[in-house]
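Inspection log for the structure reproduced underneath, given as structure tokens.
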Protein chains: 2
Amino acid sequence: MVRKTKEDAELTRKRIINSARAVFLSRGVSRSTLEHIATHAEVTRGAVYWHFKNKTEIYQAIREQVFLPLIDRMDDSLTLASNEDPLTQIENSLCQTIDDLNNNLEMRQMYEIMMIKCEYVDEFASVPQEILSNCSSIISKIKHVYERAESQGILAVKLSPIDLALDTHLFFSGLLHLWVKDTDGSMFRHQAKELIKAHINLRRKI
Amino acid sequence: MVRKTKEDAELTRKRIINSARAVFLSRGVSRSTLEHIATHAEVTRGAVYWHFKNKTEIYQAIREQVFLPLIDRMDDSLTLASNEDPLTQIENSLCQTIDDLNNNLEMRQMYEIMMIKCEYVDEFASVPQEILSNCSSIISKIKHVYERAESQGILAVKLSPIDLALDTHLFFSGLLHLWVKDTDGSMFRHQAKELIKAHINLRRKI
DNA sequence: TTGCTTACATACAAATTTGTATGTATATTA
DNA sequence: TAATATACATACAAATTTGTATGTAAGCAA
């Protein structure tokens with residue numbers, strides 16, 4: 001009973017991707033076998049090899065499915081005009097990411113895999129550099145928003161927009177890392193948005 | 001030519017540990033074989049198995065060798081009385097860690113392994129929880145220093161000490177993660193201390 | 001409806017990796 | 001100085017994992 005229709009094939013491809021995310025999450029990328037993934041997806045390794053060249057290609061597929069849209073959204077929320085004041089715009093953009101993490105299982109799993117279930121060597125060695133380069137663009141976008149805040153005179157502090165942007169991005173990077181590790185939510189997840197608000201209020205006049 | 005003296009044996013044990021750190025760093029923990037480690041240390045797997053039960057035990061040995069002293073030192077620099085003002089004390093404590101990373105190869109390697117060369121599953125699944133618990137104690141120590149700063153009236157901002165401490169810790173966590181990834185130093189390593197100073201100056205009156 | 005291609009399943013061979021068992025020469029100790 | 005324990009090296013067996021090769025039934029185009 002083989003040879004499914006094209007729609008069926010696309011379904012099994014998605015089942016394989018979803019299974020891979022679950023398997024990566026529970027066993028780590030390195031210890032995950034194509035056999036594990038296939039079993040979880042209720043297919044054989046043959047099916048996996050038909051859709052993907054190897055484990056690396058599956059990982060890339062997962063990453064693109066979740067990560068690229070996220071970066072776009074973060075870009076938009078910082079770049080697009082808004083009727084909020086600039087500081088609130090930064091706050092909302094960060095809070096939006098936290099909301100996404102809470103609401104989107106796939107995104108949550110992918111973040112956990114990327115942060116504590118993957119070793120960045122060999123074919124993954126370039127990922128940290130890519131992350132750094134994403135940082136650059138995000139920091140520069142935050143900087144622009146801080147520049148608008150400065151020109152509107154709503155900043156209570158004397159740091160330059162670039163220093164404020166760097167500080168905010170480092171804060172948020174740390175928050176995301178600890179958010180992911182805080183799986184039971186008792187330390188950071190339950191107060192993530194309050195931490196963001198406090199961080200922004202720190203620089204708001206009055 | 002076997003059966004070395006006790007001192008010789010201790011030397012080979014240390015050679016194995018140092019080799020393991022180098023191998024973990026270049027191949028990731030999961031893909032590192034006891035054969036890789038043994039070859040790098042110029043011994044056989046027999047020697048490795050004599051000194052350690054398995055790869056996990058080697059990892060633990062590396063971790064304790066580097067990580068525990070660091071936590072102690074960070075604790076001390078925040079707890080012990082100082083003739084600096086509280087904000088400078090926090091600044092110095094964070095800068096000291098950056099100095100340590102720059103000067104201590106073993107510490108630098110271990111941080112890189114822990115952050116981007118290790119998958120926290122199975123026998124390592126409890127490590128993120130341990131990290132979180134370390135966070136708690138560090139945050140509470142930073143909070144105490146901020147309380148002293150507040151009572152001395154040198155704070156320019158209206159956040160509570162606990163919120164300031166959380167913000168500082170998240171900032172520093174993010175900085176460490178990006179410091180590690182920034183291997184060529186162009187983005188964060190070269191200005192890490194300036195970022196710390198900016199972060200502290202943000203809360204300093206005048 | 002024939003023929004070709006798709007979407008897999010099954011089978012096989014090779015390479016890795018692990019743990020353990022065993023050998024052995026030399027420190028160390030009594 | 002004899003006995004014993006140490007600090008390894010070597011050898012072996014078993015289990016995993018990978019890629020590929022081959023089989024096959026059903027969809028699809030002509």
Side-chain angles (χ1 to χ4, degrees), chain A residues 1-62 113 117-119 121-124, chain B residues 1-62 113 117-119 121-124:
Chain A
M1 48 62 136
V2 228
R3 177 57 176 168
K4 319 275 187 58
T5 157
K6 278 196 185 217
E7 293 78 37
D8 285 341
E10 186 56 25
L11 274 182
T12 67
R13 192 191 125 96
K14 281 176 181 161
R15 283 234 312 287
I16 291 172
I17 289 185
N18 286 328
S19 296
R21 203 182 315 101
V23 172
F24 287 166
L25 192 66
S26 72
R27 318 183 73 119
V29 175
S30 278
R31 299 185 188 188
S32 294
T33 295
L34 294 190
E35 177 64 33
H36 296 147
I37 296 171
T39 301
H40 189 282
E42 292 174 311
V43 294
T44 62
R45 270 172 55 242
V48 177
Y49 273 107
W50 170 255
H51 285 282
F52 302 95
K53 187 183 164 196
N54 51 31
K55 197 164 72 176
T56 304
E57 217 174 66
I58 303 179
Y59 180 89
Q60 301 291 356
I62 295 179
I113 292 169
K117 304 289 174 70
C118 182
E119 300 176 0
V121 291
D122 301 336
E123 63 267 34
F124 302 120
Chain B
M1 50 69 141
V2 227
R3 175 57 176 167
K4 319 272 187 59
T5 159
K6 277 194 186 221
E7 293 79 37
D8 285 341
E10 186 56 24
L11 274 181
T12 67
R13 193 190 124 96
K14 282 176 181 159
R15 283 234 312 287
I16 292 172
I17 288 184
N18 286 328
S19 296
R21 203 180 317 100
V23 172
F24 287 167
L25 193 66
S26 72
R27 318 183 73 116
V29 174
S30 278
R31 299 185 188 189
S32 295
T33 294
L34 294 191
E35 177 64 33
H36 295 147
I37 296 171
T39 301
H40 190 281
E42 292 175 313
V43 293
T44 62
R45 268 171 58 241
V48 177
Y49 273 108
W50 170 255
H51 285 282
F52 302 94
K53 189 183 161 196
N54 52 32
K55 198 165 71 175
T56 305
E57 217 174 65
I58 303 179
Y59 180 88
Q60 301 290 357
I62 295 179
I113 292 169
K117 304 290 173 72
C118 182
E119 299 176 1
V121 291
D122 301 337
E123 63 268 33
F124 302 121

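No experiment lies behind these values; they were computed from the predicted model shown. A, B, ... follow the sequence lines: proteins, then strands. Residue 1 opens every chain.
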[X] [atom1] to [N] [atom2]: how many Å, rounded?
X: B/I58; N: C/dT18; atom1: CD1; atom2: P; answer: 10 Å
X: A/K53; N: D/dT18; atom1: NZ; atom2: P; answer: 15 Å
X: B/E42; N: D/dA7; atom1: CD; atom2: P; answer: 20 Å
X: B/L11; N: D/dC8; atom1: CG; atom2: C1'; answer: 15 Å
X: B/K14; N: D/dC8; atom1: NZ; atom2: C1'; answer: 19 Å
X: A/E35; N: C/dA9; atom1: CD; atom2: P; answer: 11 Å
X: A/N54; N: D/dT17; atom1: CG; atom2: C1'; answer: 14 Å
X: A/E57; N: D/dT18; atom1: CD; atom2: P; answer: 15 Å

Between [options], spot the one nearest the side chain of [X], thanks.
X: B/H51; options: C/dC8, C/dG19, D/dC8; result: D/dC8
X: A/T44; options: C/dG19, C/dT10, C/dA27; result: C/dT10
X: B/K6; options: D/dT17, D/dA7, C/dA7; result: D/dA7
X: B/R45; options: D/dG19, C/dT6, C/dT18; result: C/dT18
X: B/L34; options: C/dA9, C/dG19, C/dT17; result: C/dG19
X: B/Y49; options: D/dT17, D/dA9, C/dG19; result: C/dG19

Fill in: Stretch residues 19-33 of chain B: residues that reach within less than 4.0 Å of DNA chain D through a heavy atom
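Under 4.0 Å from DNA chain D: no residue of residues 19-33 of chain B.
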
Worksheet item: Are any non-hydrogen side-chain atoms of A/F124 and A/V29 less than 4.5 angstrom apart?
Response: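 They are in contact (side-chain heavy atoms under 4.5 Å apart), so the answer is yes.
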
Discussion item. Less than 4.5 Å apart, side chain to side chain, heavy atoms only: is that true for B/T39 and B/T33?
Written reply: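 Heavy-atom side-chain distance check fails, nothing below 4.5 Å.
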
Worksheet item: Which atoms form the tightest heavy-atom contact between A/A41 and A/R15, and what is the distance?
Response: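 Scanning both residues completely, I find the closest heavy atoms to be O-NH2, 2.7 Å.
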
Worksheet item: Minimum heavy-atom separation for A/G28 to B/V121, with atom names?
Response: N-CG1, 3.5 Å

Fill in: Residue list, ring pair (Phe, Tyr, Trp, His ring centres under 6.0 Å) with A/F24, at least two apart or on another chain
none

Worksheet item: For B/F52, what residues pass the ring pair (Phe, Tyr, Trp, His ring centres under 6.0 Å) criterion, not counting sequence neighbours?
Response: none

Discussion item. Filter on salt bridge (Lys or Arg N to Asp or Glu O under 4.0 Å), then keep only pairs touching residues 17-34 of chain A, sequence neighbours left out; what's left?
Written reply: A/R21-A/E106, A/R31-B/D122, A/R31-B/E123

Discussion item. Quick check on C/dC8: is either OP1 or OP2 less than 4.0 Å from any side-chain nitrogen or oxygen of A/T12?
Written reply: yes

Worksheet item: Does D/dC8 have OP1 or OP2 sitting under 4.0 Å from an N or O in the side chain of B/W50?
Response: no

Worksheet entry | With B/N54 via side chain to side chain contact (heavy atoms under 4.5 Å, CB included) - residues at least two apart |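 B/T56, B/E57.
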
Item to complete: Quick one: pull up NZ in B/K117 and CG in B/L25 and give me the separation to the nearest 0.5 Å.
Response: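 With rounding to 0.5 Å, NZ (B/K117) is 4.5 Å from CG (B/L25).
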
Worksheet item: Rounded to the nearest 0.5 Å, what separation is found between the CD atom of A/E10 and the CZ atom of A/R13?
Response: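 Separation between the atoms: 6.0 Å.
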
Practice prompt. Could you tell me, to 10°, how much the axis swings from one end of the helix from C/dT1-D/dA30 to C/dA30-D/dT1 to the other, five pairs per end?
Written response: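 Rounded to the nearest 10 degrees, the bend comes out at 10°.
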
